[in-house]
There are 2 protein chains.
Amino acid sequence: MIDNDVFKALADPTRRTIFEKLAAGSMNASALREGMDISQPAMSQHLSVLRNANLVREERKGRFVNYEVNPEGLAQIAGWLAKYRAYWPARIDALRALLKEMDQ
Amino acid sequence: MIDNDVFKALADPTRRTIFEKLAAGSMNASALREGMDISQPAMSQHLSVLRNANLVREERKGRFVNYEVNPEGLAQIAGWLAKYRAYWPARIDALRALLKEMDQ
DNA sequence: AAGTCAGATAAGTGTATGCTTATATGTTCT
DNA sequence: AGAACATATAAGCATACACTTATCTGACTT
């Protein structure tokens, strides 16, 4: 099951922070570390997990590696969530509307 | 952070299966175990985790405990997902495919 | 009241996970 | 070519996690 990687990847708060940073704008691994009190290998390992979960993708830029959000992972979560549409509370009707709109 | 519990709870495939079963209809812990090759304590522990993540809630029914989906947990995921709405349109095709797949 | 049943909790154990330090790979600069 | 830099990988370690068996609590039954 592929969902597994996505949820596992997001189960770690540090990885969610990294993802959030990337969502605000792509950047390389060193830039990501700024203000995060995390070692270089740890960051590299986290990025590897996020990449495997299709939450993030990389692009070599010379000696840097630029990381950016990969919508694929988000789509997987949306897909999982959609299965339980029946239980979505009114409060997130906007989300449902958006999915429906895309479905047309 | 509350997201933490939700994603951690869903990071385990067994718990996702349990949740899925409950989404199809509320039932007690014993009924949940049917066809699942899981010990009674393990089930109880999983339900405890799901409950803590607000993905599930319980209702005492005499000597049974009926479990059902708690939309609160789903709302948390939807809320998290909504923050990255900006990235959805980039892969509308994937979302559409997922939705179509689900509708059958 | 005693027995039985549903479920929770306790304690122990093997494995997974996230970190560390050390080293390797690959790219740019002089 | 060699130094400097960005990132990845290796190996080791402490903690978290999912499971097990044993026991406990609370509710129905006779």
Side-chain angles (χ1 to χ4, degrees), chain A residues 1-22 25-70 73 77, chain B residues 1-22 25-70 73 77:
Chain A
M1 204 179 298
I2 289 193
D3 285 344
N4 203 35
D5 293 328
V6 188
F7 286 122
K8 256 190 187 160
L10 292 173
D12 182 77
T14 304
R15 280 195 290 269
R16 284 201 305 280
T17 300
I18 293 170
F19 182 83
E20 194 172 342
K21 282 187 114 175
L22 284 177
S26 347
M27 62 185 100
N28 58 55
S30 303
L32 273 169
R33 286 181 60 204
E34 276 167 32
M36 268 200 78
D37 189 34
I38 188 177
S39 73
Q40 181 270 315
M43 174 59 77
S44 182
Q45 285 157 16
H46 280 308
L47 285 169
S48 169
V49 172
L50 288 168
R51 195 169 351 103
N52 264 307
N54 290 314
L55 280 163
V56 139
R57 65 187 160 205
E58 64 174 50
E59 190 190 356
R60 264 261 155 199
K61 272 280 168 53
R63 129 182 95 148
F64 296 78
V65 176
N66 206 263
Y67 278 93
E68 64 180 359
V69 165
N70 182 356
I77 297 176
Chain B
M1 203 177 300
I2 289 192
D3 284 344
N4 203 34
D5 293 329
V6 188
F7 286 122
K8 255 189 186 161
L10 293 173
D12 183 80
T14 304
R15 279 195 291 269
R16 285 201 304 280
T17 301
I18 293 171
F19 182 84
E20 194 171 344
K21 282 186 114 174
L22 284 178
S26 347
M27 63 185 99
N28 58 55
S30 302
L32 273 170
R33 286 180 62 204
E34 274 167 32
M36 266 200 78
D37 189 33
I38 187 176
S39 72
Q40 180 270 312
M43 174 59 78
S44 183
Q45 286 156 15
H46 280 309
L47 285 170
S48 170
V49 172
L50 288 169
R51 196 169 349 105
N52 264 307
N54 290 313
L55 279 162
V56 140
R57 66 185 162 208
E58 63 174 51
E59 191 189 357
R60 264 262 155 199
K61 273 280 169 53
R63 132 180 94 147
F64 296 79
V65 176
N66 206 263
Y67 279 93
E68 65 180 359
V69 165
N70 181 357
I77 297 177

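Within every chain, numbering begins at 1; the chains are lettered A, B, ... in the order of the sequence lines, protein sequences first and strands thereafter.
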How is B:S30 classified with respect to the nucleic acid when contacts are heavy atoms under 4.0 Å: base, sugar-phosphate, or nothing?
-> sugar-phosphate

Kindly indicate whether the side chain of [X], heavy atoms from C-beta on, has any atom under 4.5 Å from the side chain of [Y].
X     : Y     : result
A:V6  : A:L55 : yes
B:M36 : B:I18 : yes
A:R33 : A:S30 : no
B:N28 : B:K61 : no
B:L32 : B:L47 : yes

Dump every N/O contact between nucleotides 2-5 of chain C and the protein below 3.5 Å, one line per pair.
| unit_1 | atom_1 | unit_2 | atom_2 | d |
| --- | --- | --- | --- | --- |
| C:dC5 | O4' | B:R63 | NH1 | 3.3 |

Please give, in whole Å, the distance from [N] [atom2] to [X] [atom1]?
X     : N      : atom1 : atom2 : result
A:L10 : C:dT17 : CG    : P     : 14 Å
A:N66 : C:dG26 : CG    : P     : 20 Å
A:Q40 : C:dT21 : CD    : P     : 12 Å
B:L47 : C:dG7  : CG    : P     : 9 Å
A:M43 : C:dC19 : CE    : C1'   : 14 Å
A:R60 : C:dT25 : CZ    : C1'   : 9 Å
A:E59 : C:dG26 : CD    : P     : 19 Å
A:E58 : D:dA6  : CD    : C1'   : 12 Å

To the nearest 0.5 Å, atom CZ of A:F7 lies from atom CG of B:D12 at 12.0 Å

How long is the gap from CD on A:Q45 to CD on A:Q40, to the nearest 0.5 Å?
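If we round to the nearest 0.5 Å, A:Q45:CD and A:Q40:CD are 9.0 Å apart.
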
Distance check: side-chain N/O of A:Y67 vs OP1/OP2 of D:dA6, anything under 4.0 Å? no

N/O-N/O pairs, protein side and nucleotides 15-21 of chain D side, under 3.5 Å:
| unit_1 | atom_1 | unit_2 | atom_2 | d |
| --- | --- | --- | --- | --- |
| D:dC17 | OP1 | B:K8 | NZ | 3.3 |
| D:dA18 | OP1 | B:R15 | NH2 | 2.9 |
| D:dA18 | OP2 | B:R15 | NH1 | 3.3 |
| D:dA18 | OP2 | B:R15 | NH2 | 3.4 |
| D:dC19 | OP2 | B:H46 | NE2 | 2.1 |
| D:dT20 | OP2 | B:S39 | OG | 2.8 |
| D:dT20 | O4 | B:Q45 | NE2 | 3.1 |

Tell me, please, which residues at least two apart from B:E68 pass side-chain hydrogen bond (donor to acceptor under 3.5 Å, both in side chains).
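Per chain and number, B:E68 pairs via side-chain hydrogen bond (donor to acceptor under 3.5 Å, both in side chains) with B:R57.
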
Between B:R16 and B:L10 (side chain of the first, backbone of the second, donor and acceptor by atom type, cut-off under 3.5 Å), is there such a pair?
yes

